[in-house]
Amino acid sequence: MIDRQSIRRSFDEMSAALARRGADVVAPNSPWGRAQALDIKQRELKAEAESLQAERNKVSKLIGQKKGAGEDASAELAAMGNASRQVKEIEAQAKEADAQFSAALLEIPNPLHESVPSGSSEDDNIEIRRWGTPRSDEVPAHWDIGTDLGILDFEAGATLAGSRFTVLKGAAARLERGLMQFMLDTHVDKHGYDEVWVPAIVNRKTMTGTGQLPKFEDDLYKLEGEDAFLIPTAEVPVTNLYQDQILDASSLPRRHCAYTPCFRREAGSAGRDMRGMIRQHQFDKVELVHITTAERALSELEELTAHAEAILQALELPYRMVELCSADIGFSAQKTYDLEVWLPSQQCYREISSCSSFGQFQGRRAGIRYREESDKPQPVATLNGSALAIGRTLVAILENGWQQDGSILIPTALQPYLGGMKSIQSNTLTL
RNA sequence: GGAGAGAUGUCUGAGUGGUUGAAGGAGCACGCCUGGAAAGCGUGUGUAUCUUAACGGGUACCGAGGGUUCGAAUCCCUCUCUCUCCGCCA
């Protein structure tokens with residue numbers, strides 16, 4: 001959420017930053033347009049209500065004093081009879097205007113950081129660096145590799161749940177579990193993160209705190225009969241761990257990692273990546289979350305991204321890092337780096353991690369603040385990134401580790417997590 | 001799911017419908033005292049928002065939302081959460 005006072009105090013800069021990411025800053029019925037009008041209306045009504053309240057409080061106090069002293073207060077009582085009805089009416093109007101104003105604010109995206117490159121589509125994203133040497137020989141798609149080995153079963157997934165669900169068997173199931181352990185251990189032991197384990201179902205307020213709601217309800221699985229949702233990412237519960245809290249500046253930055261399953265309806269991506277495990281309704285992910293100060297947000301973004309990169313490097317997976325341009329950046333983010341892993345079957349890099357700084361956008365929404373000494377509390381800056389999406393990591397390992405004989409080489413760092421397994425041979429399971 | 005109890009500030013803990021933003025205590029900050037510390041004494045110590053150059057002032061907030069009333073932390077209704085007991089379960 002943007003700072004509500006910025007509408008008045010830094011209108012031009014705000015408009016420009018919003019326009020750069022493609023938000024409508026002209027139409028009166030756009031969130032930005034509505035926010036401007038409602039800000040004025042809301043403050044006018046509030047001022048009126050407050051002066052009426054002040055008068056009411058004064059007279060009520062007087063009545064109390066008179067009654068306490070045994071004096072007659074019937075004149076004041078009569079006068080206040082009508083006045084109080086008027087107070088209530090204006091109060092109700094002011095409340096309504098404020099609610100509409102707040103609702104409009106929640107639909108305004110995060111103004112981009114000035115360092116974000118402008119662009120008109122994802123093609124304008126900027127490559128920052130590459131790591132590793134991509135193999136250029138012909139490699140089958142992971143769905144063929146996995147099916148041949150008998151460790152990925154797409155038909156079973158479809159039978160059990162529908163499209164975009166997969167059953168992992170034997171070595172693949174173990175690989176999924178091993179990757180999760182490996183990633184968590186690395187972040188906790190080498191990068192100093194505090195591990196948490198959180199609910200995969202959250203309520204509406206929590207979903208609103210990180211920005212998934214109110215705009216993106218269609219992308220979420222909602223529980224029937226309850227105002228609760230399956231999380232699309234651990235970002236939601238982990239960041240909201242601190243909702244409505246005032247943290248001591250000395251306790252920042254806070255860095256958490258968490259494993260959770262993630263659930264996405266993929267409503268807007270019908271037809272894309274229908275084969276294989278790239279785009280699933282349910283997938284596993286290890287997420288990194290930083291809670292810090294506004295000043296430190298960008299340097300923390302570099303660190304957080306480096307922590308995600310460390311996983312790819314340890315797994316010997318070639319990747320590149322791109323900075324998202326203004327057209328491709330998410331609603332809540334201020335600045336985003338994507339990590340894209342090399343998929344030899346597609347001869348291209350595919351997103352495997354997205355690391356973002358949200359500035360104070362989420363801190364404001366979720367009421368997460370910090371205090372420096374005796375200063376006034378101010379919203380924290382938040383960051384998060386995947387490190388990594390486990391399903392896509394598994395895909396990358398299958399394709400990058402594929403050998404001509406159909407077996408898969410396991411990266412050395414991962415072998416201890418697979419009971420010492422060095423390669424996946426054709427499946428020997430009786431599944 | 002059934003029955004009961006509860007939710008007040010950083011914490012603890014009062015609160016009779018009327019100068020209560022909220023007693024008392026603890027904690028914290030500053031000052032005095034001290035060789036230094038402890039103890040003691042004194043002062044201060046919520047959030048949001050509007051307004052003001054500033055000092056200051058207004059308003060709202062005692063789990064959330066409604067209602068009664070001139071006036072609600074206090075009375076009524078609904079909801080959420082916590083605790084205890086029962087039932088059911090991993």
Would you confirm whether A:Ser299, through its side chain, and A:Arg296, through its main-chain N or O, come within 3.5 Å as a donor-acceptor pair? yes
For B:rG40, the Watson-Crick or wobble partner whose two distances fall under 3.5 Å: B:rC32
Go nucleotide by nucleotide along RNA chain B from the 5' end; which of A:Ser84 and A:Ala54 gets its closest nucleotide reached first? A:Ala54
Nucleotide B:rC70, atom P - distance to CD of A:Glu91 in whole Å: 15 Å
For atom CG of A:Leu62 and atom P of B:rG71, their distance in whole Å: 15 Å
The answer to which of A:Ala47 and A:Pro377 contacts RNA chain B further toward the 5' end, by nearest nucleotide, is A:Pro377
B:rA14 to B:rA23 separation - C1' atoms, rounded to the nearest Å: 6 Å
Relative to each other, are the rings of A:His191 and A:His187 parallel, tilted or perpendicular (30° and 60° limits)? tilted
Between A:Arg4 (side chain only) and A:Phe101 (backbone N and O only), is there a donor and an acceptor less than 3.5 Å apart? no
Check this for me, if you would: do A:Arg164 and A:Glu266 make a salt bridge, where the nitrogen-to-carboxylate-oxygen distance has to be below 4.0 angstrom? no
When the distance from CZ of A:Arg56 to P of B:rU19 is rounded to whole Å, what number comes out? 14 Å
Taking atom C1' in both B:rA26 and B:rU45, what distance in whole Å separates the two? 13 Å
Which nucleotide wins on minimum distance to the side chain of A:Gln65, given the candidates B:rU51, B:rU19, B:rG66? B:rU19
Taking the C1' atom of each, how far is B:rA60 from B:rG9, in whole Å? 16 Å
When both hydrogen-bonding distances must be under 3.5 Å and the geometry is Watson-Crick or G-U wobble, what is B:rA90 paired with, if anything? none
Using a 3.5 Å distance criterion without hydrogens, assess whether the side chain of A:Gln243 forms a donor-acceptor pair with backbone atoms of A:Thr239. no
When both hydrogen-bonding distances must be under 3.5 Å and the geometry is Watson-Crick or G-U wobble, what is B:rG24 paired with, if anything? B:rU12
Looking only at side-chain atoms of A:Ser60, point me to the closest of B:rU59, B:rU19, B:rG18. B:rG18
Could you state the CG-P distance from A:Asp248 to B:rG27, rounded to the nearest angstrom? 19 Å
Against the side chain of A:Asn57, the closest entry in B:rG18, B:rU47, B:rU59 is B:rU59
C1'-based separation of B:rG63 from B:rU8 [nearest Å]: 10 Å
Tell me if a side-chain donor or acceptor on A:Arg177 pairs with a main-chain N or O of A:Leu418 at a distance below 3.5 Å. no
In whole Å, I'd like the distance from the CZ atom of A:Arg371 to the C1' atom of B:rG9. 12 Å
Tell me the partner of B:rA3, counting only Watson-Crick (N1-N3 plus N6-O4 or O6-N4) or G-U wobble (N1-O2 and O6-N3) with both under 3.5 Å; none if nothing fits. B:rU84
Distance, P atom - from B:rG1 to B:rC11, rounded to whole angstrom: 30 Å
At less than 4.0 Å, is any side-chain N or O atom of A:Arg8 found next to OP1 or OP2 of B:rC50? Yes or no. yes
Shortest side-chain distance from A:Ile63, nucleotide among B:rU51, B:rU59, B:rG18: B:rG18
Taking atom C1' in both B:rA3 and B:rG58, compute the distance separating them and give it to the nearest angstrom. 47 Å
Roughly how many Å is it from CG in A:Leu45 to C1' in B:rC50, rounded to a whole number? 14 Å
At under 4.0 Å between heavy atoms, what does A:Lys95 touch on the DNA or RNA strands: base, sugar-phosphate, or nothing? sugar-phosphate
Name the orientation class of the two ring planes belonging to A:Phe165 and A:His281 (parallel below 30°, tilted from 30 to 60°, perpendicular beyond 60°). tilted
Determine which nucleotide pairs with B:rU69, using a 3.5 Å limit on both distances of a Watson-Crick or G-U wobble pair. none
Please give the nucleotide sitting opposite B:rG17 as a Watson-Crick or G-U wobble pair, both distances under 3.5 Å, or none. none
Can you check whether A:Gln42 has a side-chain N or O nearer than 4.0 Å to OP1 or OP2 of B:rU49? no
Measure CD1/A:Ile246 against C1'/B:rG46 and give the value in whole Å, please. 8 Å
Regarding the side chain of A:Arg43, the nearest nucleotide among B:rA60, B:rG18, B:rC50 is B:rC50
If I take atom CZ in residue A:Arg204 and atom C1' in nucleotide B:rA64, what distance separates them, rounded to the nearest angstrom? 16 Å
Assigned partner base of B:rA48, Watson-Crick or wobble definition, under 3.5 Å: B:rU59
Indicate, with a heavy-atom threshold strictly under 4.0 Å, whether A:Arg369 touches base, sugar-phosphate, or nothing. sugar-phosphate
Integer angstrom distance from the P of B:rA54 to that of B:rU49: 16 Å
Pick the C1' atom in B:rG56 and in B:rG67, then give their distance to the nearest Å. 36 Å
Pairing of A:Arg392 and A:Asp273 as salt bridge, 4.0 angstrom limit: no
